[in-house]
Amino acid sequence: MSDTTRLFHLFAGGVSVVIDATGTGVPRIAHWGAALLPVSPAGLAQLVTAGQPQIVSNSIDTLVPLGILPEQSTGWAGTPGITGHRDGRHFSLALELTDARVEQSPDARFADRRFVAALADVDAGLAVELVLELSDSGVLRTRATVTGTADGAYTLDGLNLALPVPLQAQEILDFTGRHVRESSAQRHDFTFGTHVKEGRRGRTGHDAALLYAVGTAGFGFRSGEVWGVQVAWSGNHRSYAERLPNGRGVVGGGELLLPGEIRLENGDGYTSPWLYASYGTGLDDLSARFHEFLRARVGYPTSPRPVVLNTWEAVYFDQDLDTLLALADRAAEVGVERFVLDDGWFHGRRDKSAGLGDWRIDEGVWPEGLDPLVSRVRALGMQFGLWFEPEMINPDSDAAREHPEWIMSPGHRLPPTARYQQVLDLANPEAFAHVLESMSALVARYDIDFIKWDHNRDLVDAGHPGAGVAGVHDQTLAFYRLVDELRARHPELEIEACSSGGARADLEVLERSDRIWASDCIDALERQRIERWTGVTVPPELIGSHVGSATAHSTKRTHDISFRAGTALFGSFGIEQNLSLASAEEIAQLTEWIALYKELRGWMHRGTVVRGDHPDPSYWLRGIVAKDRDQALYSFVAVATSVQNPPGMVRLPGLDPERTYRVAPLAPGNGILTFNHHAGPAWWTDGIELSGHALSSVGLQAPALAPEHLALVHVTTTKEGLDR
Ligand code: GLA
């Protein structure tokens, strides 16, 4: 049936999505990718017909549709959208479309590009609402709600949403990682079969696929076509790419449900996480869509991202008023704007073995409460931030001793501890209220500006102990409720999402956070890589990036200040070292870097991130181009030594091809090697003027750098005007 009123073309931000909701089955996506020129309804029908495959030998006698929730009942032999059963029956669904429309989204970022379809399988006793929205910047997101419509329970085993990708997509890029080494990219061929990445850690995970992407062979930051998804969920999840011998391919995913976790009685509903998707010509293009999308959220931080001092690597658990007062004084001297007291301030917390759950000030360490510190911090003109780990409980705590029933477990045994801690069952209303009220009281008492919200272990065997049923799904929702309630009570409060570093950096947590802590590894070399990839979905101003001590605590590598600070400059800048031990020279240099950050952050934090595809893997380019393309900052980064020296021509992407720019080195970021008094290539000393077109297509000689060093260039428009 070709009812053209059931064909929808959503387009924005250089992306088109054509939805085919003709017929009676689950709607299909006929195209998701590059923007199409305006298409008439008849033209859309032709496009759909053009994409319908031929029936070949030994196949189903009718066309097998590939719905956004694929169904086995149609003959689709890949991963089904909805799996579940009613006591073993209704193992396979055949949903019928009852309504399909495009309407205004309640979220302004999607304007009127919201597609909604109503479906039902009356025999199975299920109704489904499918939503798909396209944002102003071209980010697509989709989710489904399944509701029970018959007596008795329907056990939902899984819900996967699938987006079609063309045959041209030949490679998969996804991510893995671990504590202190997040966002490690891995690439492999997109061969036939199902390629799955599962997260069963009860949190987003260090090894999460913040992007699960497929693209044309050899796609890079600036080239190739790429389609990427993220299951926006801070609990268990599943991402996959699938290619069948029938020539069809998808990327998709959904929540990974534990056995029995979702049982829908008549009237009960389950809403899946959003599956976010972005398309691009190269990863930079795909990435810019995510960044613009996040920046458009209501409540997105608009004040300049403050320079932070975090006490963790400065003092660890060794909290002492005099030491911290001295640290606050030094922090203010160098230009810090927000002082964050990390782990160690609450009852019984002398090390990691005790105290979690007892969210009141430790009277032994802080006999006068936090007042003397907070007053000094404020008197010095800084904001005050405090660390919490709200979902955790140490068995050695008053909370655990008084309420053992608050600890998540299958009921008849306790999970193994991790970092000496267990997980608080936030779906238990008493436990939820205990944490909410304790946190809220402290936020009000000290007028706290910022919370570093940590979550330091995987969930293992995580059930509701009373019922003995799996509880990760409920826990994830309760976590969102807790953040939302706290923010509603304290609207000015900012939140940093941290989970042993970067194990909680998904797009759903970013809907309610103002910063992420990308890693516990502050080694600048590791940070270059971690931020390069975490930054594909997360804009730089949300990525906490700190200058640690010269020798990194996590790797024992030593880097000079220009490499450490020049790395942090491209994020939400902070310091995490004991400034009281720093030399006068180090303090002077830090002060200079902080002044530079303050000068540049206004436009950098709204700018477009560019990464080069330099052919030499040991030489990276990292840049941010101002939104109006009036200026840009690039860093040349030698991540290792190279066989080739000098490094050759580097192209500077992202500038306006028609304008002339002046490129000049920017001190203090200078790791340049000097040979026979030649510091840098010919243009380095006096700078150079070239068109944006020449800079991006011809480039210029990159400076030779010592390994694990960087050099910065500031690119500005010249007054002379156009140089075609
Ligand atoms: C986690 C965080 C660190 C620090 C410690 C405190 O590991 O990622 O930054 O806050 O907890 O215990």
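Just so you know, ligand 1 is whichever comes first in the structure, and atom 1 is the first atom listed for that ligand.
Annotation: cation-pi geometry not satisfied between R349 and F317 (NZ/CZ under 6.0 angstrom from ring centroid, within 45° of ring axis). Under the 6.0 Å distance and 45° angle rule, R611 does not count as a cation-pi partner of W620. The cationic group of R504 lies under 6.0 Å from the six-membered ring centre of F479 and within 45° of the ring axis, placing it in a cation-pi geometry.
Those atoms of ligand 1 that come under 4.0 Å of a heavy atom in G501, given as number and element, are 8 (O). Residue-ligand proximity, S500 to ligand 1, at heavy-atom distances under 4.0 Å covers atoms 7 (O), 8 (O). Listed by number with element, the atoms of ligand 1 under 4.0 angstrom from any heavy atom of C498 are 2 (C), 8 (O). Near W517, with a cut-off below 4.0 Å to any heavy atom, the atoms of ligand 1 are 8 (O), 9 (O). Contact atoms of ligand 1 toward K452: 3 (C), 4 (C), 9 (O), 10 (O) (distance under 4.0 Å to a heavy atom of the residue).
Between D371 and R445 there is a salt bridge, since a side-chain N of the basic residue sits under 4.0 Å from a carboxylate O of the acidic one.
Atom 8 (O) of ligand 1 has its closest protein heavy atom at D520 OD1, 2.5 Å.
In plain terms, the two heavy atoms of D520 and E182 that are nearest each other are N-OE2, 4.1 Å.
Checking T551 against T558 by side-chain atom types alone, a donor-acceptor pair falls below 3.5 Å.
Taking a 4.0 Å cut-off on heavy atoms, K352 fails to register as neighbouring ligand 1.
Taking each of D454, N456, L356, D343 in turn, the one with a heavy atom nearest to atom 12 (O) of ligand 1 proves to be D343. When the heavy-atom distances from atom 4 (C) of ligand 1 to V180, D342, N310 are ranked, the shortest goes to D342.
Applying side-chain hydrogen bond (donor to acceptor under 3.5 Å, both in side chains) to Q421 and the options E389, E391, R457 leaves one that passes, E389.
With a heavy-atom cut-off of 4.0 Å, R419 touches ligand 1 through its side chain alone.
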